[in-house]
Undergrad: 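Please find one structure pasted underneath; my questions will follow.
We count ligands from 1, going down the list as the structure has it; atoms in each ligand are counted the same way. Numbering starts at 1 and runs along the sequence shown.
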Amino acid sequence: MSQVTIESILQEKRLFHPSPEFSQKARIKSLDEYRQLYEKAKADPQTFWAELAEKELHWFQKWDTVLDWQPPFARWFVNGKINISYNCLDRHLATWRRNKAALIWEGEPGDSRTLTYAQLHREVCQFANVLKQLGVQKGDRVGIYMPMIPEAAIAMLACARIGAPHSVVFGGFSAEALRDRLIDAEAKLVVTADGGWRKDAIVPLKDQVDKALSNNTVPSVQNVLVIKRTGQTISMQPGRDHWWHDLQAGASAHCPAEPMDSEDMLFILYTSGSTGKPKGVVHTTGGYNLYTHMTTQWIFDLRDDDVYWCTADVGWITGHSYIVYGPLSNGATTLMYEGAPRPSNPGCFWDVIEKYGVNIFYTAPTAIRAFIKMGEHLPRARDLSSLRLLGTVGEPINPEAWMWYYKVIGGERCPIVDTWWQTETGGIMITPLPGAIPTKPGSATLPFPGILADVVDLEGNSVGTNEGGYLAVQHPWPGMMRTVYGDPDRFRRTYWEHIPPRDGHYTYFAGDGARRDEDGYFWVMGRVDDVINVAGHRLGTMEIESALVSHPAVAEAAVVGKPDELKGQDIVAFVTLEGNHSPSDALLKELKEHVVQEIGAIARPGEIRFADALPKTRSGKIMRRLLRSLAAGEEVSGDVSTLEDRSVLEKLRQGGA
Ligand code: 7RM
């Protein structure tokens with residue numbers, strides 16, 4: 001894979017226009033229309049968002065102030081009363097959509113299920129009543145640790161319905177990682193399943209929950225609600241653990257949606273940063289509902305007869321915003337898939353597209369690169385002619401992968417929306433509007449209306465055309481995170497103080513490097529902090545280092561990312577050992593396994609290198625820049641004058657064990 005470099009970007013001149021046919025039918029039909037919207041929103045963001053909020057969402061009570069901005073704390077639609085579960089379900093029931101498919105689920109192995117809006121509403125109400133029966137009240141946090149089954153979405157919507165913020169933990173995280181998150185969120189109840197299917201094997205989710213809760217380390221958790229999925233034997237702790245199907249049987253399907261304050265917390269979602277433990281990103285109700293609603297509608301150009309498929313897991317923000325809330329708020333048909341491409345079924349994605357006639361397909365560059373490797377013959381063997389729009393998210397897409405996606409999957413007829421955004425932003429920020437904005441392979445193009453994105457230096461000044469800088473946002477937007485759960489100070493430090501505020505004017509620092517070309521198009525280069533993006537999964541180097549150091553054999557660890565053809569980046573760990581341990585293949589394996597135990601399989605280091613010492617500055621800081629070059633197999637360039645002991649570098653270059 002070619003790396004995303006300044007040179008490759010400057011060379012990329014190809015421009016792809018949407019077909020006139022696509023543009024004519026699109027929600028936003030031309031570059032002019034986009035520019036008008038953008039200028040309108042820029043001139044008066046509050047009126048722009050207020051008009052959409054009024055027109056597009058149901059409110060129990062209208063707000064009295066559109067935006068209260070006490071930097072860096074924003075409140076949108078102040079004193080408005082709204083419920084996102086109502087907007088995703090109830091309001092569609094009074095229309096012809098009542099019996100429209102809301103959720104199509106394709107499970108493993110070969111299971112499937114379709115829920116209409118009326119059926120989904122019914123199950124969500126029952127689930128909400130069961131939560132209440134188990135003592136969950138408005139404001140209580142609920143942990144959700146689930147496979148990709150309809151009940152994951154049902155649980156989220158049920159929490160939203162009664163005003164209990166959810167905190168979904170990706171089912172691939174370990175018991176330790178789950179425990180940390182449940183403790184931080186002080187969850188009162190956990191929703192899980194006996195197991196989930198993952199690549200021909202069962203993930204024992206309930207066992208992990210038992211482990212996470214063992215020895216009463218999470219005293220806040222009073223009940224565990226278990227969905228039967230795989231049917232394997234699990235242990236049920238009397239009084240604490242309950243089968244969903246038992247309780248569902250007696251649950252009423254009537255449960256009015258609780259009118260929530262716009263700024264009531266909707267969910268916490270943990271994400272990795274450069275320092276410390278993962279942060280609990282807090283999103284609230286009204287602004288998030290509006291932002292995910294509008295971005296879904298305009299970016300995916302949703303029409304009522306579309307089948308829309310986003311391949312993310314609900315454990316990530318993409319699953320929250322673009323499998324569940326955004327599509328359902330729009331009354332769309334959203335597809336949820338439990339499976340993943342694997343050797344026994346490498347063409348499964350194309351089977352799903354053909355089977356359901358998927359029109360809109362949203363996936364990650366890492367998946368696209370894996371498809372390329374598996375071979376063109378697989379998608380070519382399926383009828384993909386239903387597709388009319390493609391999307392990518394999670395990491396920069398290299399132009400070759402973009403071209404392959406465009407040609408082989410999209411048949412050169414589908415626009416591609418390369419969508420840049422983050423857990424923190426709640427929804428997509430920089431993206432083509434597919435009928436309006438011509439695309440360039442590798443560029444996320446232009447900001448969504450209402451988003452004042454820029455590329456700046458560390459003083460907050462815009463940098464020149466094609467100059468590198470930091471991706472930043474100048475004005476609050478409805479979907480932005482409100483705080484770090486329990487740590488408002490960390491919120492301020494992490495996002496609002498890297499670029500010093502000037503005259504009370506605050507700038508959001510995204511943590512990505514970027515540049516803008518002569519057309520104003522954004523080219524996102526990747527993280528500028530100690531976050532590694534492995535196959536679209538965001539991991540903090542420090543988390544992995546802490547996991548390694550918690551092993552008795554490890555004295556010190558430094559983790560960096562190295563370019564990887566498939567995953568974008570892979571994890572390389574440099575490790576020094578305690579005196580009584582020596583490098584061996586067995587220890588290497590053990591350390592990798594240890595990281596999996598501590599965090600989850602997504603954090604398994606691709607490579608561990610044993611070293612005598614780590615390169616440090618005179619003040620004792622690990623010189624990651626050197627390690628990154630070493631990991632990538634590049635010549636160590638640049639200034640090494642601050643390196644304390646040059647012989648360390650020599651030894652590392654020669655390679656450890
Ligand atoms: C949605 C999501 C956020 C980080 C972000 C970037 C990277 C995401 C793109 C991208 C280039 C894109 N949330 N990123 N999308 N980089 N082009 N279209 O991924 O919180 O998990 O990660 O992902 O570095 O800061 S996330």
Side-chain angles (χ1 to χ4, degrees), residues 3-5 8-9 168 170 172-173 268-274 278-281 283 291-292 295-296 299 310-323 325-326 362-369 390-399 401-402 405 416-432 439-448 451 453 455 470-473 479-481 484 494-495 498 508-516 521-540 543 561 567-569 602-603:
Q3 274 302 112
V4 183
T5 60
S8 66
I9 285 169
V168 184
F170 172 56
F173 276 123
I268 308 172
L269 185 61
Y270 287 84
T271 194
S272 298
S274 42
K279 302 177 278 265
V281 170
H283 283 288
Y291 198 68
T292 52
T295 47
T296 306
I299 298 162
C310 164
T311 68
D313 191 286
V314 289
W316 309 114
I317 190 69
T318 307
H320 284 58
S321 300
Y322 299 112
I323 296 177
Y325 290 119
Y362 188 33
T363 196
T366 188
I368 296 166
R369 291 191 298 265
L390 303 174
T392 76
V393 61
E395 51 178 317
I397 183 164
N398 46 307
W402 195 101
Y405 197 32
I416 297 179
V417 289
D418 173 352
T419 61
W420 177 86
W421 61 295
Q422 310 177 295
T423 307
E424 293 87 339
T425 66
I428 297 167
M429 301 286 278
I430 303 179
T431 176
T439 50
K440 301 181 188 184
S443 170
T445 74
L446 298 169
F448 194 77
I451 302 305
V455 180
Y470 301 96
L471 193 48
V473 188
M480 68 194 278
M481 77 182 283
V484 171
T494 311
Y495 304 103
H498 283 276
Y508 173 80
F509 176 82
D512 279 309
R515 56 184 51 231
R516 286 183 95 166
Y521 277 37
F522 284 77
W523 298 79
V524 181
M525 322 281 296
R527 302 291 305 194
V528 292
D529 53 6
D530 293 320
V531 169
I532 329 187
N533 193 329
V534 186
H537 301 318
R538 188 170 150 179
L539 291 158
E543 279 168 82
K567 300 187 226 174
Q569 283 188 296
I602 54 170

Undergrad: In Å and rounded to the nearest 0.5 Å, what is the NZ to OG distance from Lys279 to Ser274?
TA: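 Answer rounded to 0.5 Å: 6.0 Å.
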
Undergrad: Got a donor-acceptor contact below 3.5 angstrom from the Glu395 side chain to the Thr366 backbone?
TA: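 Side chain of Glu395 to backbone of Thr366, a donor-acceptor pair under 3.5 Å: yes, one is there.
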
Undergrad: Pick one of side chain, backbone, both or neither for how Thr392 approaches ligand 1, counting any non-hydrogen atom pair under 4.0 Å.
TA: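 Near ligand 1, Thr392 shows nothing, with every heavy atom at 4.0 Å or more.
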
Undergrad: With a cut-off of 4.0 Å, which atoms of ligand 1 are near a heavy atom of Thr318?
TA: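 In order of numbering, the contacting atoms are 1 (C).
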
Undergrad: Just to confirm my output: which protein heavy-atom neighbour is closest to atom 22 (O) of ligand 1, and how far is it?
TA: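 In this structure, atom 22 (O) of ligand 1 has Arg538 CD, 3.6 Å as its nearest protein heavy atom.
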
Undergrad: Does the side chain to side chain donor-acceptor pair (under 3.5 Å) test come out yes or no for Tyr291 and Ser321, once each step is laid out?
TA: CA-CA 9 Å; Tyr291 198 68; Ser321 300; over 6 Å; no

Undergrad: Under 3.5 Å, is there a donor-acceptor pair linking the side chains of Thr419 and Tyr362?
TA: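 Thr419 vs Tyr362: donor-acceptor pair found between side chains.
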
Undergrad: Which is closest to atom 9 (C) of ligand 1 in terms of heavy atoms, Glu395, Gln422, Met525, His537?
TA: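 Heavy atom nearest to atom 9 (C) of ligand 1 belongs to Glu395.
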
Undergrad: Give the residue and atom name of whichever protein heavy atom lies nearest to atom 6 (C) of ligand 1, and the separation in Å to one decimal.
TA: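 Closest protein heavy atom to atom 6 (C) of ligand 1: Asp512 OD2, 3.1 Å.
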
Undergrad: With heavy-atom distances below 4.0 Å as the criterion, list the atoms of ligand 1 near Thr419.
TA: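 Answer for ligand 1: 9 (C), 12 (C), 15 (N), 18 (N).
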
Undergrad: Got a donor-acceptor contact below 3.5 angstrom from the His537 side chain to the Asn533 backbone?
TA: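 Checking the backbone N and O of Asn533 against the side chain of His537, no donor-acceptor pair under 3.5 Å is found.
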
Undergrad: With distance as the sole test, does His283 use its side chain to make a donor-acceptor pair with the main-chain N or O of Ile268 at under 3.5 Å?
TA: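 Pair absent, no side-chain N/O of His283 close to backbone of Ile268.
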
Undergrad: Centre-to-centre under 6.0 Å for Trp420 and Tyr521, is that the case here?
TA: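 Not close enough - the centres of the two rings lie 6.0 Å or further apart.
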
Undergrad: Which ligand 1 atoms are under 4.0 Å away from a heavy-atom of Val393?
TA: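 Every atom of ligand 1 under 4.0 Å from some heavy atom of Val393: 1 (C).
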
Undergrad: Pull out every atom of ligand 1 sitting under 4.0 Å from any heavy atom of Thr423, numbered as shown with elements.
TA: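 This gives 13 (N), 20 (O), 21 (O), 26 (S) as the contact atoms.
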
Undergrad: Which option, Gly394, Gly511, Gly319, Gly426, owns the non-hydrogen atom nearest atom 8 (C) of ligand 1?
TA: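 Going through Gly394, Gly511, Gly319, Gly426 one by one, Gly394 has the nearest heavy atom to atom 8 (C) of ligand 1.
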
Undergrad: Side chains of Asp512 and Gln422: does their closest heavy-atom pair fall under 4.5 Å?
TA: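 The answer is yes; the side chains approach within 4.5 Å.
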
Undergrad: Below 4.0 Å from any atom of ligand 1, is there a heavy atom belonging to Trp421?
TA: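 Checking ligand 1 against Trp421, which is what was asked, there is a heavy-atom contact under 4.0 Å.
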
Undergrad: Can you report which non-hydrogen protein atom sits closest to atom 11 (C) of ligand 1, along with the distance?
TA: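 Going atom by atom, the protein heavy atom closest to atom 11 (C) of ligand 1 ends up being Pro396 N, 3.1 Å.
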
Undergrad: At a 4.0 Å threshold, what atoms of ligand 1 neighbour a non-hydrogen atom of Val524?
TA: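 In order of number, 11 (C), 16 (N).
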
Undergrad: Would you say the side chain of Thr431 lies within less than 4.5 Å of the side chain of Val417, judging by non-hydrogen atoms?
TA: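 Side-chain contact under 4.5 Å: yes.
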
Undergrad: Which one holds for Asn533 and ligand 1: side chain close, backbone close, both close, or neither close, with close meaning a heavy atom under 4.0 Å?
TA: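 For Asn533, only side-chain atoms sit under 4.0 Å from ligand 1.
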
